[in-house]
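These numbers come from a predicted model, not from an experiment. Quick note on labels: first sequence line is chain A, next is B, and so on, each numbered from 1.
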Amino acid sequence: MTAPQTTERRIVLVAVGAAGYLAVELDDSGEETARHPLAASELAPFVSARERDASPRWVLRSARDVYPALLDEGVLLSRAHDLLLCHAILRDTDKVARPLAPSPLWVRREPAEDAAPALFDVVGEQEPEDPITEVLAQYREQRRVMADSKDGRLTLLCAAESAGGLIAEEMRAAGLPWNEAVHESILTEILGTRPVAGGIPSRMASQAARVRAILGDASLNLDSQPKLLRALHRVGVQVESTSKWQLSEHSHAVVEPLLAYKKLSRLLSANGWAWLAEWVHDGRFRPIYIPGGVVTGRWASAGGGALQLPRNLRAAVRADDGWTLVVADVAQLEPRMLAAMAGDRAMARAAQGADLYAGVVESGAVATREEAKYAVLGAMYGATTGDSGRLVPRLRKVYPRAMALVDKAARFGEDGGVVSTWLGRSSPRPSEDWSRMQAHATDADADPAEVAMARRRARDWGRFTRNFVVQGTAAEWSLIWLAEIRHRLRQFPESEVPAPASGAFSRHPHLAFFLHDEVILHVPKEQADAAADAVREAAEVATRRLFGSFPIDVPLDLRIAESAEK
DNA sequence: ATCGTGGGCGCG
DNA sequence: AAAGCGCGCCCACGAT
């Protein structure tokens, strides 16, 4: 693991007041060397000039504050330190003796939709008297905490997290190329003719009619779970819920059309014509990505359900003319991370090649690929019952080190402790409610029902911490992968053929979509092979930066295609 | 009317 | 109502 270079130019950039900015240049020791007040119109020229001669690390309160305006002007930042994102990491980490003092000034609050933009979207506090002094002090403290982590892991994590902050804004600016005509033809094919004025599409209406006929209620609202449940009971389908997995265990004639209706209904409400009109403009889907939006470090998203795009709509993701897509994902990222973190060479051997589950079968632990999958997922999620829970103990025999790592994480959690990812992102402390419940359960006169409940809540939290270390480390690998892809794409030459709707990236290959362990790049056709190489190299670098020479494979499933359809 | 909650289901 | 982690969004429904 190598820490990023220590001598680099740094410029603190903050929005001040309604329409201005302040840039403060720092020397290597963090001392201020120059200060530039900037009117809004001066921001883009100032930043692009500094980028040209020095590519500094920009210290930002948050990329989300200042970067969209720069991207609108076609100005890119090479590197950043995002104080808001790093505050969350450095505040909670248990990898240093003295972590960052928590401050509500540095916790993001989503502003109300119609609220005027504020400099500090803070929770329950006024803006500080002197924003720039507050920003400089916060940055110094964050540097102090990063430096306290002697192996450089927190520095690497903050650099990667900050790169993610830039990439999230860049992907929104560039957008995911989305072909509305393809989307509409998928909707028409599956749902039937588009309804006028919010009616029900034809195929959906006919499925609904079949269901109502079989249930003997012509006016039944199929979207009302209690009413549907009662109607099912009336015809003898004794389900406890209307979920599809329960319905599918019955052979009644209503099951097939009802499941079909549910599927169509889901497509219509989640990604139908209304979604298309709201979220796709100029051939681009532009969701809001929220880096670090999940406690494990995974990204969340807001608007348009970006992280839940159904696979049957992937065909609508289509490159512009003269451009193409590079679609890449990692097979079984999390168990590979687990093998490497635990230094489990037997599990790493099973992970050699494209299919880890096949390797687990070869090790003799289980008989089939399906069993291997359930066993591995069960190990990482903490399954105790069912097929999965039954298979987990077999893994303990063949991969004792890997299993010890997750078992220990679960035990820490059950005891109210904190666990951390490979780079030092730590799990949240359990709530006071939880702790009180656990303390109460040890009283001599504790109610047995309360003791049982406390036990269950303890195991719930243990499953969370068990998974935290694996999911969180996978998120770190993905962040470095993303940052390295971005870094490589920036070296590419301008393209002859533009993609005008991609804004600042209209002549440059760019990341267009990211989903935990998958990326979609939109690239000029002539650069497709080079971009694919960049994606593979970036994966290799991410693996080596996290795990050095430990022999773990992280193979990509990569293809170059006009469409993201599998 | 508006808000919070639970069921349900899409994604990894 | 999955078993076994992490999310966001839609709908109905009851409380306010």
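- When the side-chain nitrogen and oxygen atoms of S243(A) are compared with OP1 and OP2 of dA2(C), one or more of them lie within a distance under 4.0 Å.
- Checking side-chain atoms of R336(A) against main-chain N and O of A331(A) turns up a donor-acceptor pair under 3.5 Å.
- Place R266(A) and W245(A) on DNA chain C by their nearest nucleotides, and W245(A) ends up nearer the 5' end.
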Distances under 3.5 Å only, N/O to N/O: pair up the protein atoms with those of nucleotides 13-15 of chain C.
| unit_1 | atom_1 | unit_2 | atom_2 | d |
| --- | --- | --- | --- | --- |
| dC13(C) | OP1 | S224(A) | OG | 2.4 |

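- At a threshold of 4.0 angstrom between heavy atoms, the contacts of S269(A) are confined to the sugar-phosphate backbone, with no base atom among them.
- D223(A) places its CG atom 12 Å from the P atom of dC9(B), with the value rounded to the nearest Å.
- dG4(B) and dG4(C) are spaced 28 Å apart, taking the C1' atom of each and rounding to whole Å.
- The distance from atom CZ of R314(A) to atom P of dC11(B) is 8 Å, rounded to the nearest whole Å.
- Rounded to an integer number of Å, the gap from CG of L333(A) to C1' of dC11(B) is 15 Å.
- G305(A) comes within 4.0 angstrom of sugar-phosphate atoms only, judged by non-hydrogen atoms across all strands, and of no base.
- With a 6.0 Å radius and a threshold of 12 heavy atoms from other residues, nucleotides or ligands, E432(A) has its CD atom at or below the threshold.
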- prompt: According to the Watson-Crick and G-U wobble definition with distances under 3.5 Å, which dot-bracket string, read 5' to 3', encodes DNA chain C, using [ ] for crossing pairs and | for pairs with another strand?
  reply: ....||||||||||||

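- Nearest nucleotide to the side chain of V294(A), out of dA1(C), dC7(C), dG4(C): dC7(C).
- Rounded to a whole Å, the CD1 atom of I200(A) is 11 Å from the P atom of dC11(C).
- Using modelled atom types, one finds no donor on one side chain facing an acceptor on the other under 3.5 Å when comparing D415(A) with Q438(A).
- Put simply, CD on E334(A) is 8 Å from C1' on dC5(C), counting in whole angstrom units.
- Of the two residues contacting DNA chain C, namely A383(A) and G303(A), the nearest-nucleotide position lying further toward the 5' end is that of A383(A).
- With rounding to whole Å, N312(A) atom CG is found 15 Å from dC9(B) atom P.
- Using a 4.5 Å heavy-atom cutoff, the side chains of L268(A) and W273(A) are in contact.
- Relative orientation of the W461(A) and F464(A) rings is tilted, given thresholds of 30° and 60° on the angle between their planes.
- Within the nucleic acid shown, F468(A) has no heavy atom closer than 4.0 Å to any nucleic acid atom.
- Electrostatic pairing of R425(A) and E161(A) counts as a salt bridge here, judged by a charged N lying under 4.0 Å from a carboxylate O.
- A centroid separation of less than 6.0 Å is found between the aromatic rings of F285(A) and W275(A).
- When the nucleotides dA1(C), dG10(B), dC7(C) are ranked by their closest atom to the side chain of A300(A), dC7(C) comes out on top.
- In this structure, S241(A) reaches the dG8(B) phosphate: one of its side-chain N or O atoms is under 4.0 Å from OP1 or OP2.
- Residues satisfying the side chain to side chain contact (heavy atoms under 4.5 Å, CB included) test with L228(A), not counting sequence neighbours, are L215(A), L220(A), L222(A), L232(A), T242(A), L258(A).
- More than 12 heavy atoms of other residues, nucleotides or ligands lie within 6.0 Å of CZ in R91(A), so this atom counts as buried by the packing criterion.
- Of the side-chain N and O atoms in T384(A), one or more sit less than 4.0 angstrom from OP1 or OP2 of dG4(C).
- In this pair, W299(A) and F514(A) present their aromatic rings perpendicular. The plane angle is above 60°, beyond the 30 to 60° band.
- Looking at the side chain of T385(A), the nearest of the listed nucleotides dG4(C), dC11(B), dG6(C) is dG4(C).
- No contact: G378(A) has no heavy atom under 4.0 Å from any strand.
- Taking atom CD of E518(A) as the reference point, atom P of dC7(C) lies 20 Å away to the nearest angstrom.
- Remark: K244(A) is not in phosphate contact with dA1(C), judged by side-chain N or O atoms under 4.0 Å from OP1 or OP2.
- Residue side chain R298(A) reaches the base of dG12(B) through a donor-acceptor N/O pair under 3.5 Å, judged by distance alone.
- Of the side-chain N and O atoms in T242(A), one or more sit less than 4.0 angstrom from OP1 or OP2 of dG8(B).
- Using a 4.0 Å heavy-atom criterion, one finds that S301(A) contacts the sugar-phosphate atoms exclusively.
- Interatomic distance, OG1 of T193(A) versus CE of M204(A), reported as 13.5 Å (0.5 Å rounding).
- Across dG8(C), dA1(C), dG12(B), the shortest atom-to-atom separation from the side chain of H516(A) is found for dG12(B).
- Below the 3.5 angstrom threshold, one finds a donor paired with an acceptor across the side chain of Q308(A) and the base of dG8(C).
- Residue-level contact check: A474(A) touches neither bases nor backbone, having no heavy atom under 4.0 Å from any strand.
- Contact annotation for G304(A): backbone-only contact, meaning every heavy-atom pair under 4.0 Å involves sugar-phosphate atoms and none involves a base.
- Looking at heavy-atom distances under 4.0 Å, L267(A) makes no contact with the nucleic acid at all.
- In this structure, L558(A) and V327(A) have side chains that are not in contact, with every pair of non-hydrogen atoms separated by 4.5 Å or more.
- If you take NZ of K262(A) and C1' of dA1(C), they are 12 Å apart, rounded to a whole angstrom.
- Among the nucleotides dC5(C), dG8(C), dA3(C), the one closest to the side chain of R463(A) is dC5(C).
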